[in-house]
Amino acid sequence: MSHILAIETSCDETAAAVLKDGRKVLSSVVGFQWDIHRKYGGVVPELACRRHIEIIHPLTEEALKKGGVTLKDLDAIAVTSGPGLIGALLVGVSFAKALSYSLKIPLVSVNHLEGHIWAISLEKRVPRPFIGLVVSGGHTNLYLVEDVGKYKLLGSTLDDAAGEAFDKVAKILGLGFPGGPAIELESRIGEPDAVTFPRPLSKKRGFDFSFSGMKTAIISYIRSRYKVNHVDDIPAILRGEDKFKADVAASFQQAVVDVLVSKTISASEKTCIDRIVISGGVACNRLLREKMKKDAEAKGIEVYIPSPQYCSDNAAMIAWVGHRLFKQGIYAGLKLNPDAGRALG
Ligand code: KG4
Ligand code: ZN
């Protein structure tokens, strides 16, 4: 029997989880920071670090309590060491090191992207190999996943990540933060084909993505209808224009989803791997979940998507990977430093 405590602080969520025997999630606690970052329309790194410092201790205690374990029951500490915001990572890594040192148990360093890829394993066993799409606020990466530790990066974004595009477009429209859920909500009353926004790189044969052009296309579209001196004025200009905003949101969401789905399916076809796993915060999006399943399954490709609580940032997914590394004896040691640009594949 083993118990792993995992700590995740790579961006704006403080998270702790306890995993038993590499399979059973005893607890998974997430401290959201939306209240702090909302007024800026995006994550402010310095504020994120400060909040991590304030809540990491009580949040970890809560995870242990909910999991019905004490510090003495733990066999290892797993921690996200990158990629992410350097100051935010530093809080989690320092906290995990202190626990590992004082409890005299191994410290395991986990790549955040690897956590997202394997989050599905908390709920379901996925045969390998598979095509893994990680779509979050910081990444849009397409992988060929052979096994734990064996990844080939097929493509990634050349500019903004998909989640970043959702956040920026929501800010332009004055819909609030985080942008993904706000756009999704707004889209419910909009027409997805009201405006045809570009589907960047979708016709190109490679697997790279590009989303920053969509933001520019949206600004141009708004300028073609309304007099706009400065982008920051748009939320005020669009006050009361609910149908217009909803149509833009729905058409944007459709464009992003179309690109993500078509590239992922074409990666599956090209590699002859008929299994797709999607994860990361954007994988909470209902249109993406439904379209990926419908289009892929029509071609005989299986699609696996974790439940939303394990798509967005959480520590249970870090514990799952941490447990595999712990079993293989791959420990980090107290010299571990966070790596903001830690790559995978
Ligand atoms: O994986 P995640 O929690 O954190 C990172 O590793 O970045 O992803 C956060 C991102 C944010 O950009 C957020 O707007 C987006 O995921 N997101 C969504 C939805 N829920 C969260 N995007 C689209 N639709 C959603 N329902
Ligand atoms: Zn993430």
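Just follow the structure's listing: the first ligand is 1, and inside any ligand the first atom is 1. Model, not experiment: these values are computed from the prediction. Reckoned from all heavy atoms, side chains included, excluding hydrogens, waters and symmetry mates.
S81 and R342 form a side-chain donor-acceptor contact under 3.5 Å, judged by distance and modelled atom types alone. No hydrogens or angles considered: nothing links the side chains of H323 and D21 as a donor-acceptor pair under 3.5 Å. Side chain to side chain, Y151 and E114 meet the donor-acceptor criterion of an N or O pair below 3.5 Å.
When only non-hydrogen protein atoms are considered, atom 21 (C) of ligand 1 lies nearest to G281 O, 3.4 Å. Considering only non-hydrogen protein atoms, atom 10 (C) of ligand 1 sits nearest to G137 N, 3.4 Å. The nearest protein atom to atom 3 (O) of ligand 1, hydrogens excluded, is given as D313 N, 3.0 Å; this is a heavy-atom distance. From the protein, the heavy atom lying nearest to atom 22 (N) of ligand 1 is G180 CA, 3.2 Å.
For the Zn ion (ligand 2), the N/O/S atoms of H139 include none lying under 2.8 Å.
Only the side chain of H112 comes within 4.0 Å of ligand 1, counting heavy atoms alone; its backbone N, CA, C and O stay farther away. Only the side chain of E13 comes within 4.0 Å of ligand 1, counting heavy atoms alone; its backbone N, CA, C and O stay farther away. Counting heavy atoms under 4.0 Å from ligand 1, residue R286 does not touch it at all.
Atoms of ligand 1 found under 4.0 Å from any heavy atom of G163 (numbered from 1 in listed order, with element): 12 (O). In the vicinity of H116, heavy-atom distances shorter than 4.0 Å reach the ligand 1 atoms 1 (O), 6 (O).
Comment: D167 does not engage K171 in a salt bridge, judged by the lack of any side-chain N to carboxylate O separation of less than 4.0 angstrom.
Considering D167, V257, V282 only, the shortest heavy-atom separation from atom 11 (C) of ligand 1 involves D167.
Ring centers of F252 and F166: under 6.0 Å apart, within the cut-off.
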